[in-house]
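Quick note on labels: first sequence line is chain A, next is B, and so on, each numbered from 1.
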2 protein chains.
Amino acid sequence: MLRTELASQGAAPKIARPVPLRESVFEALLELILTGHLKPGQHLAESELAGLLGVSRQPIREALQLLSGEGWVDLHPGHGAFVHAPTVEEADQLLAVRTLLETESAKLAARHSTPDGVQRLRALCARGLAAVEADDVDASVAINSELHAAITELSGNKVLAELASQVSRRVRWYHTPVARKRGRDSWREHTELVDAIAAADEDRAAEIMRKHTEHTRSSYLEQREAEPIEAAPEPTRRRRPRSPK
Amino acid sequence: MLRTELASQGAAPKIARPVPLRESVFEALLELILTGHLKPGQHLAESELAGLLGVSRQPIREALQLLSGEGWVDLHPGHGAFVHAPTVEEADQLLAVRTLLETESAKLAARHSTPDGVQRLRALCARGLAAVEADDVDASVAINSELHAAITELSGNKVLAELASQVSRRVRWYHTPVARKRGRDSWREHTELVDAIAAADEDRAAEIMRKHTEHTRSSYLEQREAEPIEAAPEPTRRRRPRSPK
DNA sequence: CAACTGTATGCTGTAGGCGGTCTACGAGAA
DNA sequence: TTCTCGTAGACCGCCTACAGCATACAGTTG
């Protein structure tokens with residue numbers, strides 16, 4: 001059925017292909033990782049994926065490189081690709097970096113806030129609250145990402161926004177269970193944050209964002225202790241080199 | 001002659017190739033960009049580079065993707081690769097992000113400083129000062145990178161270290177002229193910074209690093225106003241799509 | 001003279017194939 | 001029984017080839 005999915009996109013291959021195949025493959029593989037069909041530590045054989053998605057190995061290779069660049073898979077030259085298996089320590093550090101970037105973004109967003117921008121943020125808050133009320137966790141997580149992205153954009157620093165977005169995407173991997181637990185609190189904090197940005201209060205915006213992300217972080221760590229991410233079954237066909245360097 | 005360079009690496013292709021060709025290509029291309037042989041905005045035709053380096057298009061493509069991931073080239077699907085042309089604004093934002101990451105690194109390095117780590121930093125400072133005394137700008141810049149990398153590593157946060165290193169590498173592109181101007185001052189600040197880290201004085205270390213990187217930033221901006229980076233001559237064979245999106 | 005259209009060329013994106021290395025596994029020796 | 005070695009299979013990295021789109025240019029028309 002995955003084959004079908006991509007094949008349908010390729011159903012009109014001779015007419016026009018505005019989007020390179022590698023990006024479709026990228027998203028398809030990312031989806032498989034996020035949904036857990038491809039488990040952390042698992043070896044990803046190019047031929048296998050190529051057959052699964054109904055394309056040749058070339059787009060698979062390129063998509064794997066893109067995934068590697070964003071930290072989703074590890075490339076071991078001569079040994080192929082493996083789904084990245086984040087340790088608790090690494091997740092913790094990632095969340096710490098996220099706090100740093102998002103806090104700075106919030107500060108700058110408050111400094112450069114515009115009525116138009118604030119209105120967009122408020123709209124996202126409303127949608128997020130609605131999603132929480134409806135117990136739609138997936139939507140809540142998605143809108144959460146949108147809101148944070150909007151704030152980083154509002155900061156006016158594109159480099160910062162891009163970096164924060166990248167880090168946030170990785171965080172999203174293990175974000176869902178946390179959202180389930182503290183969805184309502186999280187969105188209340190979001191609302192306060194937007195108020196601070198609207199008031200152009202840099203320090204308060206930064207402080208709220210710092211507490212907000214730190215809160216998420218500790219929640220995540222508790223969660224993680226309770227339910228470690230399931231790893232790939234041992235019989236991974238190809239072993240990683242002993243020195244993962 | 002470039003062909004020779006890579007060909008020599010491939011001179012023993014049948015025995016063992018511990019390092020994939022794409023990484024050699026990556027470094028070769030990066031060198032060409034840094035030295036200005038490939039100018040900002042220039043279109044990079046795969047076949048051309050393949051011929052130049054004496055390899056096929058495949059490793060070239062993969063190297064270009066790696067370069068794209070680190071912000072050295074822009075990939076426009078269907079239109080090929082272009083050497084990234086940083087605007088003054090973007091460079092400014094990049095340097096601001098660098099300040100943020102490096103400041104946090106310095107703070108954490110002070111918090112987690114070890115005698116062993118401090119000793120490494122001092123050794124680098126000594127080498128840096130020696131390079132400045134000898135008017136060896138290139139060495140000074142290189143050792144500067146090493147020092148900053150060592151500090152980020154000492155922070156204990158690998159994610160932060162990786163991000164900071166990536167940002168710093170990009171900064172290095174336009175760093176050299178600055179180093180020429182304020183080499184001595186820069187290394188004096190480094191020494192103070194290491195002292196603060198050795199004393200485990202988080203706040204002081206952070207403050208020194210902040211000032212240090214801000215200083216570099218303003219120096220760079222002055223420099224840039226005076227000598228804009230030379231761009232590719234207009235007759236770039238292939239135009240970028242109008243909406244660079 | 002300007003704008004448009006048809007044609008030619010170059011380049012990208014993808015497929016398929018080859019050589020070499022790594023892993024796994026079974027047979028033989030200590 | 002355990003360790004070593006040889007063999008077979010699988011997979012990766014790279015090369016070559018092809019199809020389709022984008023661009024540039026020349027000819028044509030208003």
Partner residues of A/Glu146 under the salt bridge (Lys or Arg N to Asp or Glu O under 4.0 Å) criterion, sequence neighbours left out: A/Arg127
Under the salt bridge (Lys or Arg N to Asp or Glu O under 4.0 Å) test, residues paired with A/Arg217 that sit two or more places apart: A/Asp92, A/Glu214
Any B/His43 side-chain N or O less than 4.0 Å from OP1/OP2 of C/dT12: yes
Strand contacts (DNA chain C) in residues 56-70 of chain B, 4.0 angstrom heavy-atom criterion: B/Arg57, B/Arg61
Protein-nucleotide distance (A/Leu49, atom CG; D/dC11, atom P), rounded to Å: 11 Å
Inter- and intrachain pairs under salt bridge (Lys or Arg N to Asp or Glu O under 4.0 Å), touching residues 49-62 of chain A, at least two apart: A/Arg22-A/Glu62, A/Glu46-A/Arg57, A/Glu46-A/Arg61, A/Arg61-B/Glu62, A/Glu62-B/Arg61
By salt bridge (Lys or Arg N to Asp or Glu O under 4.0 Å) - contacts of B/Glu27 (at least two apart): none
B/Glu31: partners by salt bridge (Lys or Arg N to Asp or Glu O under 4.0 Å), with sequence neighbours left out: none
Nearest-Å distance for atom pair CD/C1', residues A/Glu46 and C/dG17: 14 Å
Distance in angstrom units between B/Leu21 CG and D/dG13 P, rounded: 12 Å
A/His43 and A/His79: side chain donor to acceptor below 3.5 Å: no
B/His79 side-chain N/O to D/dT23 phosphate OP1/OP2 under 4.0 Å: yes
Rounded distance in Å - CZ (B/Phe82) to C1' (D/dA22): 11 Å
Spacing between B/His76 atom NE2 and D/dT23 atom C1', to the nearest angstrom: 16 Å
Sugar-phosphate only, base, or nothing, as touched by B/Leu75 at under 4.0 Å among non-hydrogen atoms: nothing
